[in-house]
Amino acid sequence: MRKTFLHSPTDPSRYLLANVAIPPALCALQPSTDGWCHADILVENGNIKNVFPHSGPPAVAAERIDAGGSILISAMVDCHTHLDKAHVAAFQDFPPGDLLSAIAATVDNKNTWTAESLRNRVEFSLKSAYAYGVRAMRSHVDFTVDSPDFVWKVMTDIRNEWRGLVELQLSPLSGINNFQDPEFCRSIYDLADRNGRLGAFLYDQQNLVTQLTPVFEKAGAEGWDLDFHVDEGLDPSLNGLAAVAQVAHDTKFPGTVLCGHCVALSAYSPDRRDRTIISALQAGLHFVALPTSNLYLQSRDPENSPTQRGMAPVARLASLNATVSLAADNVRDGFCAFGDFDPMAVLGLGAQVAHLHEPARDWCALITTNPAASLNLEWMGNIEAGAPADLVLFAARNGGEMNMSHGAERRVIRNGEWIKAQLPAFRDLDEGVKIDA
Ligand SMILES: [Zn+2]
């Protein structure tokens, strides 16, 4: 057990957080020769009042906390999760299967849910995310016409209760074939209207352009954003992303379209991959790669693993200037029996899978500013004068000390306050969790 590496300021309404190392994507200062922006941050009344280059004691009268070169990032954003399913404790209830067997097993598992158990799991997830330093999340919530009513009531209540701690966006999710049923459309469009966004699962369904066109037209007319699960598999015949790009372009869709997974891109030829990405970028699409569930499900073969591993080509997307993020996706459910809601741990895993060099320094936009843009948040996460003092300070002073394979010790700062939130214990799932922020 390590001891806490820094103590809170005496007066959180005004203090100087001195000698921090900020990734250049989050800071306008000139990076030093080590590639980090070394800075002193003046915090006042919950906001960043000023960002000074770190070059000795600056001329401001404020309590000075010397962070000793610690890494500082803005509070993190997780743009693709499934809080409704998270923490159902997967191993005993789910086969070690693929995507489609996980979907089938989840249908059975949902029959055991109650409003109370759902609330316990969602609050557990949010409590974890908050303690890790997450400020905003998007959760997909499964919807079919026979979904129990309590699911959306519980999710909506919790979203409202957690405002100001974790900004939670909800996105109704269903297979695209369901949109052919007018009764289904009335129900899901009502949910989309109340949440400002709509999601659909695209895998190997037929006539995707024909099926997507009325959904885009409806969402465009109503001012909703769209969020797709698309091409979550290694079969190169999957072509959902190309269909989304075509329909977004043809309908001149005005909102933000976030495309999750896009695993099949990694199975395309380089030429087809680039053509698909470029047409998606011309249509304004955003991307999110989900390393945990992709590693868990794709090409799963207990007798021969590992064989092929799947993940959207994050480095290629970034080199083509795509807005690309990493997110937690499924946590301890049938789609991934592992995981947690710590975006820095997701970046650590994603960096190994996708060969991202110096992830904390050079790829932190994947868990801060990029998902903030995809979720249309008010603040993108740049550490600058006037921004909220919503920050995460790590004990690590460079990429080597961050290591990424285990959670570096951290202090989470929200509205300038150094919060004391702790990770919940799994046994809390038995009896319910109180919000203890
Ligand atoms: Zn997902």
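Atoms within a ligand are numbered from 1 in the order they appear, just like the ligands themselves. The basis for the numbers below is simple: all heavy atoms, side chains too, and nothing from hydrogens, waters or symmetry mates. Note that this is a predicted model, so its numbers are computed, not measured.
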Looking at F179 versus F216, is the centre-to-centre ring distance below 6.0 Å? no
For the Zn ion (ligand 1), how many protein N, O or S atoms lie at less than 2.8 Å? 4
Hey, would you say the F335 and Y296 ring centroids sit under 6.0 Å apart? no
Would N370 and S325 count as having a side-chain donor-acceptor pair, cut-off 3.5 Å? no
Test: side chain to side chain donor-acceptor pair (under 3.5 Å). Region: residues 278-287. Which pairs qualify, not counting sequence neighbours? H286-S374
Think R275 forms a cation-pi with Y268, using NZ or CZ under 6.0 Å from the six-ring centre and within 45 degrees of its axis? no
Over-ring placement of R121 relative to F124, 6.0 Å and 45° cut-offs: no
